[in-house]
2 protein chains.
Amino acid sequence: MKSQVPEKQNTLFVGSLAKGLKILRAFDESATELSLSDLVKLTGLEKSAVQRLANTLHLEGMLDKDPATKRYRPSHAWLEMAYAYFWSNPLVRLAMPKLIELSHQFNATVNLAELSGDHILYVSRVPGRKGQFASMLVGRRLPALSTAAGRAILSTMPKDQRDIFVETWPLKQMTPRTTMDRSLISQSIDEAQISGYSMTHDQSILQQTGIAAPIRGPNGQAFAAIQCSVSTHLWKLERVQQEILPYITEAANGIAPHVRG
Amino acid sequence: MKSQVPEKQNTLFVGSLAKGLKILRAFDESATELSLSDLVKLTGLEKSAVQRLANTLHLEGMLDKDPATKRYRPSHAWLEMAYAYFWSNPLVRLAMPKLIELSHQFNATVNLAELSGDHILYVSRVPGRKGQFASMLVGRRLPALSTAAGRAILSTMPKDQRDIFVETWPLKQMTPRTTMDRSLISQSIDEAQISGYSMTHDQSILQQTGIAAPIRGPNGQAFAAIQCSVSTHLWKLERVQQEILPYITEAANGIAPHVRG
DNA sequence: GCTGATTGTATTATAATTTAATAGTTGATA
DNA sequence: TATCAACTATTAAATTATAATACAATCAGC
């Protein structure tokens with residue numbers, strides 16, 4: 001009887017495919033293994049639709065199915081897709097060697113982050129000695145306004161444009177000290193514009209300092225950044241400025257000329 | 001007129017979804033950016049089908065589209081899927097800290113590899129100082145028989161079963177010295193069964209030695225391994241045995257007890 | 001070890017969806 | 001500017017997916 005919102009009243013839109021993707025997207029860090037009925041709840045699709053779609057995804061090798069529990073899990077194919085992505089993004093190839101070098105130099109996690117809508121996404125990561133599990137994983141997204149990388153990228157945009165983003169992009173209280181005051185964030189970005197880098201404290205993890213330098217395109221605007229995370233205890237402002245900043249800005253600038261418009 | 005092979009004459013199989021996935025799988029390390037007609041060639045699907053499916057994948061955020069060239073590329077969503085995978089696979093969490101530690105200790109790339117059909121798949125990697133681009137990327141697949149990790153895993157299986165695999169699994173001449181003689185491979189696995197580890201030379205990259213220790217499940221059989229790659233020049237047998245082996249076997253054994261059946 | 005509820009699996013008539021063919025549009029190349 | 005190739009848009013036809021329902025298996029509580 002078609003009670004669904006007419007997803008896209010368009011003959012060029014394949015609804016079944018979109019629904020199948022919806023099932024894939026139901027899996028995340030808190031939903032790692034889902035039963036048929038879990039999927040029904042999470043996606044809002046009909047039971048029989050989920051049955052057919054999940055079954056198809058299983059037969060096609062996109063979902064593993066535990067024969068005992070009948071629950072579905074992401075398959076190896078999900079990693080093969082990441083592999084294909086890495087080859088498709090030229091920045092990864094350019095940045096990787098530098099990330100590795102810097103990670104050893106600082107003994108810290110060094111990342112390539114890209115702007116992805118109103119979030120930043122970690123595209124390449126080389127972990128330092130210690131760190132949270134989530135901080136080691138590629139594919140993680142964080143609200144752009146709360147990260148050094150996001151602010152560094154925003155700092156390369158025209159003031160009027162970025163003011164809109166600062167007002168409208170989402171914020172999330174990830175730690176007790178995550179800045180929720182947008183005018184403070186705006187200030188922080190203004191400073192980044194002048195200094196050419198951005199620095200944050202306690203925004204996504206307590207006692208963690210983030211430092212990021214933008215990777216600019218030919219027009220001077222950035223959509224990516226080199227970012228590194230260090231312990232606030234061990235790295236006071238002066239040490240960061242002497243031992244990290246020159247190197248990540250050099251790395252970022254070294255990549256910039258190769259970025260296509 | 002339906003000239004297609006009846007993919008799966010099954011009401012629980014959604015053909016359009018399967019075709020959509022086929023489009024996603026057309027992207028790989030040599031096909032990083034595809035036009036509509038490229039996709040038609042690569043997938044063998046009808047032009048109008050590709051048009052609708054690719055358009056849907058684009059609207060759903062799975063494919064980026066270059067407005068100038070009209071070509072499709074993998075989107076950030078492909079990395080987010082990897083992120084979900086990492087959380088869904090408990091081995092990743094267990095192995096990561098050890099991989100990091102060992103990578104610093106050996107100054108080499110250290111990997112978690114899993115058996116994926118007749119290939120091994122790199123699930124977590126911590127790169128050493130130098131290395132090929134492909135050797136830094138998660139999601140890479142290699143023929144199991146030609147890798148230390150694959151042989152280490154096979155060495156934990158019953159002899160009669162693994163004999164079948166050694167005979168039937170694919171081989172690919174990746175370097176001039178890739179072993180194509182299956183009886184030599186069988187020997188290498190026999191040795192691994194006795195010694196508890198596997199070691200290879202020049203199999204996927206020249207002048208590169210691979211060393212791997214299996215991660216066993218409760219029944220003693222493995223489907224994963226800790227593997228590390230070092231320069232053949234710098235790491236002669238004795239040094240490997242003294243400075244690497246004890247540590248990767250310990251790491252692998254340390255993970256084993258936590259693996260569920 | 002039984003009972004009832006919840007979850008997964010299978011089947012079918014209905015009709016909505018995808019399809020394939022084709023025409024129109026854009027853009028690159030010579 | 002003309003030609004060709006590639007992308008985009010529009011249709012009528014029918015294959016395909018759908019939703020409802022019945023059946024089977026599994027699990028929890030008693």
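The analysis underlying the following values was restricted to heavy atoms, covering all of them including side chains, and did not include hydrogens, waters or symmetry mates. Everything quoted here is computed from the prediction, not taken from an experiment. Chain A is the first sequence line, chain B the second, and so forth, proteins listed ahead of strands; every chain is numbered from 1.
- Out of D:dA20, D:dA22, D:dA17, the shortest distance to the side chain of A:K47 is found at D:dA22.
- The A:L36 side chain lies nearest to C:dT9 when the options are C:dT9, D:dT8, D:dA17.
- B:F165 is listed as a side-chain neighbour of B:M157, based on a closest heavy-atom distance under 4.5 Å.
- Taking only side-chain atoms of B:S48, from C-beta outward, the nucleotide of C:dT9, C:dA21, D:dA20 with the closest atom is C:dA21.
- Taking atom NZ of B:K70 as the reference point, atom C1' of D:dT8 lies 9 Å away to the nearest angstrom.
- Side-chain N/O atoms of B:S37 include one lying less than 4.0 angstrom from OP1 or OP2 on D:dC7.
- We find that NE2 of B:H58 is positioned 13 Å from C1' of D:dC7, with the value rounded to whole Å.
- The distance from atom CD of B:Q51 to atom P of C:dT19 is 12 Å, rounded to the nearest whole Å.
- Inter-residue side-chain proximity for A:H58 and A:S75 is flagged as unmet; no heavy-atom pair is nearer than 4.5 Å.
- Atom CZ of B:F13 and atom P of D:dA17 are 9 Å apart (whole Å).
- Picking from C:dT19, C:dG8, C:dT7 the nucleotide with the shortest atom distance to the side chain of A:K41 gives C:dT7.
- When the side-chain nitrogen and oxygen atoms of A:S35 are compared with OP1 and OP2 of C:dG8, one or more of them lie within a distance under 4.0 Å.
- Where A:A49 and B:K65 each meet DNA chain D at their nearest nucleotide, the meeting point lying more 5' is that of B:K65.
- A:L12 is not listed as a side-chain neighbour of B:L59, based on a closest heavy-atom distance of 4.5 Å or more.
- A straight line from CZ of A:R71 to P of C:dT9 spans 13 Å, rounded to a whole angstrom.
- The side chain of B:Y72 lies closest to D:dT8 when the candidates are C:dT18, D:dT8, D:dA20.
- Here the options are B:V138, B:V123, B:L99, the test is side chain to side chain contact (heavy atoms under 4.5 Å, CB included), and the partner is B:V92; only B:V123 passes.
- Of the candidates C:dG8, C:dT11, D:dC7, the closest approach to any side-chain atom of B:L12 belongs to C:dT11.
- In this structure, CG of B:N55 is placed 11 Å from C1' of D:dA9, rounded to the nearest angstrom.
- Straight-line distance from the CZ atom of B:R52 to the C1' atom of D:dT8: 13 Å, rounded to whole Å.
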_As a quick check of understanding, evaluate ring-ring contact (aromatic ring centres under 6.0 Å, His included) for B:F133 and A:W87, giving each step before the final call._
CA-CA 9 Å; B:F133 180 57; A:W87 285 92; 5.1 Å; yes

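- Going from atom CG of B:L17 over to atom C1' of C:dT17 covers 15 Å, rounded to whole Å.
- Proximity of A:S16 to the phosphate of C:dT18: a side-chain N or O atom is located under 4.0 Å from OP1 or OP2.
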